[in-house]
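The block underneath contains the structure these notes are about, expressed in structure tokens.
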Amino acid sequence: MAEIDKTRQILETVMVIPAGKVATYGQIADLAGLPGRARLVGSSLRSEFDGAEVPWQRVLRADGKIAFPSGSPKAEEQRQILIAEGVCVKNNRVSLADYRWQPDMATILSALKY
DNA sequence: GATGTGACTTTGT
DNA sequence: CACAAAGCCACAT
């Protein structure tokens with residue numbers, strides 16, 4: 001059952017990402033207290049994809065690219081939502097330098113629920 | 001229980 | 001830019 005806790009921790013962390021900002025799978029894993037488990041972030045989002053409760057669209061690959069092939073339905077949907085939130089997406093990619101989420105200490109502590 | 005897969009990352013060619 | 005290798009681990013078969 002520990003796996004469920006990890007998944008929930010990841011989803012809670014993702015839900016803390018503010019609109020207009022993005023984060024990478026690895027970054028979420030780190031913030032969730034699970035360094036090196038970037039893949040777990042992906043599989044967690046896949047199993048939960050409600051769209052409304054968890055802002056999965058704000059999670060990108062380490063290089064800022066959307067985690068789906070350009071042109072795929074998912075990639076298009078994600079791109080559209082991000083643009084609606086004010087994030088500039090070019091060539092299936094987002095400039096992390098401009099939109100990367102950089103949470104302050106208080107936010108991190110809150111996400112980890114210490 | 002072994003094997004393969006995957007919404008990943010990093011380093012090195 | 002691409003590809004490979006190694007690390008990672010829940011899940012399905």
Side-chain angles (χ1 to χ4, degrees):
Chain A
M1 309 316 148
E3 297 76 27
I4 303 298
D5 294 333
K6 293 176 189 170
T7 297
R8 209 183 78 234
Q9 184 63 58
I10 288 171
L11 295 178
E12 287 180 358
T13 303
V14 172
M15 287 188 272
V16 178
I17 305 174
K21 287 292 177 182
V22 299
T24 67
Y25 291 92
Q27 183 182 357
I28 294 302
D30 287 347
L31 292 175
L34 301 166
R37 282 86 167 149
R39 296 189 101 133
L40 196 53
V41 175
S43 49
S44 296
L45 289 177
R46 183 194 54 179
S47 58
E48 292 289 321
F49 75 90
D50 344 89
E53 295 191 35
V54 181
W56 57 272
Q57 67 276 8
R58 296 179 198 148
V59 184
L60 309 169
R61 293 200 181 194
D63 59 0
K65 288 177 72 176
I66 288 176
F68 301 100
S70 181
S72 67
K74 277 290 189 182
E76 279 302 300
E77 180 186 357
Q78 186 166 11
R79 181 177 65 79
Q80 199 167 327
I81 299 174
L82 287 175
I83 288 180
E85 294 182 341
V87 176
C88 181
V89 183
K90 289 175 179 172
N91 269 338
N92 226 65
R93 198 159 127 182
V94 170
S95 170
L96 290 178
D98 295 331
Y99 300 100
R100 181 170 187 165
W101 175 45
Q102 293 172 327
D104 54 41
M105 189 62 77
T107 302
I108 296 174
L109 295 180
S110 174
L112 292 178
K113 300 202 186 303
Y114 275 122

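Below, chains carry the letters A, B, ... as their sequence lines are ordered, and counting in each starts from 1.
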Please give the nucleotide sitting opposite C:dC1 as a Watson-Crick or G-U wobble pair, both distances under 3.5 Å, or none. none
A:Q57 has an atom CD; how far is it from atom C1' of B:dA7, in whole Å? 13 Å
Do A:E76 and A:Q80 have side-chain heavy atoms sitting under 4.5 Å apart? no
How close do A:P55 and A:E53 get, counting heavy atoms only, and between which atoms? CD-O, 3.7 Å
Atom CG of A:D30 and atom P of B:dC8 are separated, to the nearest Å, by 16 Å
Sequence neighbours excluded, which residues qualify as salt bridge (Lys or Arg N to Asp or Glu O under 4.0 Å) partners of A:E77? none
Length of the line joining A:E77:CD and B:dA7:P, which is rounded to integer Å: 16 Å
Does some side-chain heavy atom of A:D63 sit less than 4.5 Å from a side-chain heavy atom of A:L96? no
Answer whether the closest heavy-atom distance between the side chains of A:R100 and A:Q27 falls below 4.5 Å. yes
Quick one: what's the B/S/- string for nucleotides 3-10 of chain C, heavy-atom cutoff under 4.0 Å, read 5' to 3'? ----BBSS
For C:dT13 and B:dG1, measure between their C1' atoms and round to the nearest Å. 12 Å
Round to a whole Å and report the spacing from CH2 of A:W56 to C1' of B:dA7. 9 Å
For the pair made of CD in A:Q27 and C1' in B:dT10, what is the distance, rounded to whole Å? 16 Å
Verify whether one side chain among A:Q57 and A:R79 offers a donor that lies under 3.5 Å from an acceptor in the other. no
Looking only at atom P, what distance separates B:dA7 and C:dG7, rounded to whole Å? 22 Å
Starting from P on B:dA7, measure out to CD1 on A:I17 and report it in whole angstrom. 19 Å
